[in-house]
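This report concerns only the one structure given below.
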Amino acid sequence: MRKRSLALAGCLLLTSSLSFAQAPGEKPAPGPEHKKLGYFVGKWTTTGEMKPSPFMPGGRMTSNDVCEWFDGGFAVVCKYEGKSPMGPTKGLGIMGYSSDEKAYTYYGLDNSPMVMASVPHGTLQAGTWTYDDEAMMGGKKIKSRYIIKELSPTAYTFKWEMVGDDGAWQTLAEGKATKAS
């Protein structure tokens with residue numbers, strides 16, 4: 001009985017491994033959705049306005065962002081430094097595409113005490129990237145979205161919103177990014 005269980009487990013492991021395998025000698029290649037992330041590759045200057053909220057003070061924010069393809073071309077990694085109403089900022093963001101979930105993904109961290117415990121999922125339609133998320137902020141579950149609208153190959157606007165206690169969307173931050181190179 002034990003041998004049969006081990007054999008079955010081995011077959012299941014082999015079968016699941018084969019479902020992820022590539023043809024011999026084939027290197028995985030980024031798909032068209034991955035390639036669309038290339039829009040963000042380059043050096044960007046970002047300016048915007050943070051709105052006062054229970055989570056942060058309001059005021060002007062600026063940053064210089066450098067976004068590059070990660071090895072393999074499946075993700076874009078952005079590093080940024082700037083200033084916000086909370087002081088100097090420094091962070092890292094990773095944008096990718098999940099073929100399994102048919103969604104763009106984003107994960108970021110910075111030098112603030114707010115740490116992402118979820119991975120927002122996004123769509124791209126007619127030059128508008130919309131990332132939706134539900135996460136804990138200030139001890140309470142918050143529904144938010146981040147919208148990026150491509151204005152040209154070298155400029156986009158952004159808006160970060162959350163659902164307030166009244167059920168309406170409230171703007172947390174908005175601004176514009178301009179590509180330097």
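One-based numbering along the sequence shown.
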Open item on the list: With a 4.5 Å cut-off on side-chain heavy atoms, are K83 and T89 touching?
Closed with: no
TODO: Tell me whether W69 is reachable from V66 by hopping between hydrophobic residues (I, L, V, M, F, W, Y) whose side-chain heavy atoms are closer than 4.5 Å.
DONE: no
Task: Lys/Arg-Asp/Glu bridge criterion (N-O < 4.0 Å) met for K179, D65 - done: no
Open item on the list: Looking at F70, I want to see if its CZ is surrounded by more than 12 non-hydrogen atoms of other residues, nucleotides or ligands under 6.0 Å.
Closed with: no
Task: Within one Ile-Leu-Val-Met-Phe-Trp-Tyr cluster: F158 and Y106, side-chain cutoff 4.5 Å - done: yes
Task: Spacing of CD belonging to E150 relative to NZ belonging to K36, to within rounding of 0.5 Å - done: 10.0 Å
TODO: Report the C-alpha distance between E49 and M61 in whole Å, list the side-chain angles of each, state the deciding distance to 0.1 Å, and finish with yes or no for side-chain contact (heavy atoms from CB on, under 4.5 Å).
DONE: CA-CA 6 Å; E49 187 76 22; M61 60 184 196; over 6 Å; no
Open item on the list: Using 0.5 Å steps for rounding, measure from the CD1 atom of I148 to the CE atom of M95.
Closed with: 7.0 Å
Open item on the list: Just so I know, are the side chains of L151 and T157 near enough to count as touching, which here means a heavy-atom distance under 4.5 Å?
Closed with: yes
- [ ] Give, for atom CZ of R60 and atom OG1 of T47, the distance between the pair rounded to the nearest 0.5 Å.
- [x] 5.5 Å
Open item on the list: Please tell me whether S118 and D133 have a donor and an acceptor in their side chains that are separated by less than 3.5 angstrom.
Closed with: yes
- [ ] Treat each ILVMFWY residue as a node, draw an edge where side-chain heavy atoms are under 4.5 Å apart, and state whether I142 and L172 are in one component.
- [x] yes
Open item on the list: Let me confirm one number: the OG-CG distance from S84 to D110, rounded to the nearest 0.5 Å.
Closed with: 8.5 Å
Open item on the list: Is it the case that the side chains of D100 and S98 hold a donor-acceptor pair, with the cut-off being a distance below 3.5 Å and no angle test?
Closed with: no
Open item on the list: Are W44 and Y39 an aromatic pair, judged by ring center distance below 6.0 Å?
Closed with: yes
Open item on the list: Quick check: Y156 with F40 (ring centres under 6.0 Å apart)?
Closed with: yes
Task: Side-chain ion pair, K51 and E174, N-O less than 4.0 Å - done: yes
TODO: Without swapping roles, check the side chain of T171 against the backbone of A173 for a donor-acceptor pair under 3.5 Å.
DONE: no
TODO: Hey, could you give me the CG/OH distance between L37 and Y97, rounded to the nearest 0.5 Å?
DONE: 10.0 Å
TODO: State the OH-CG distance between Y80 and N64, to the nearest 0.5 angstrom.
DONE: 12.5 Å
Open item on the list: Is there a path of hydrophobic side-chain contacts, each under 4.5 Å between heavy atoms, that joins I147 and W160?
Closed with: no
Open item on the list: For K143 versus W169, what's the shortest heavy-atom pair and its separation?
Closed with: O-CZ3, 3.9 Å
Task: T46 and T62: CA distance, side-chain angles, deciding distance, side-chain contact (heavy atoms from CB on, under 4.5 Å) verdict - done: CA-CA 5 Å; T46 303; T62 61; over 6 Å; no
Task: Contact summary for M50 and P85, nearest pair of heavy atoms - done: SD-CD, 3.3 Å
Task: Heavy-atom closest contact (K176 atom, A155 atom, distance) - done: CE-CB, 4.0 Å
TODO: Grab the two heavy atoms, one from Y107 and one from V119, that are nearest each other, plus how far apart they are.
DONE: CD1-CG2, 4.4 Å
Task: Partners meeting salt bridge (charged side-chain N to carboxylate O under 4.0 Å, His left out) with R145 (sequence neighbours left out) - done: E161
TODO: Check the pair V77 / L92 against side-chain contact (heavy atoms from CB on, under 4.5 Å), numbers first and verdict last.
DONE: CA-CA 7 Å; V77 177; L92 173 75; 3.4 Å; yes
Open item on the list: Quick one: does any side-chain atom of K102 pair with a main-chain N or O of S99 as donor and acceptor, under 3.5 Å?
Closed with: yes
Open item on the list: Hydrophobic cluster membership, with links at side-chain heavy-atom distances under 4.5 Å among I/L/V/M/F/W/Y: are L124 and Y146 in one?
Closed with: yes
- [ ] Let me see the working for M86 and N111 under side-chain contact (heavy atoms from CB on, under 4.5 Å), right down to the final yes or no.
- [x] CA-CA 10 Å; M86 295 180 287; N111 61 326; over 6 Å; no
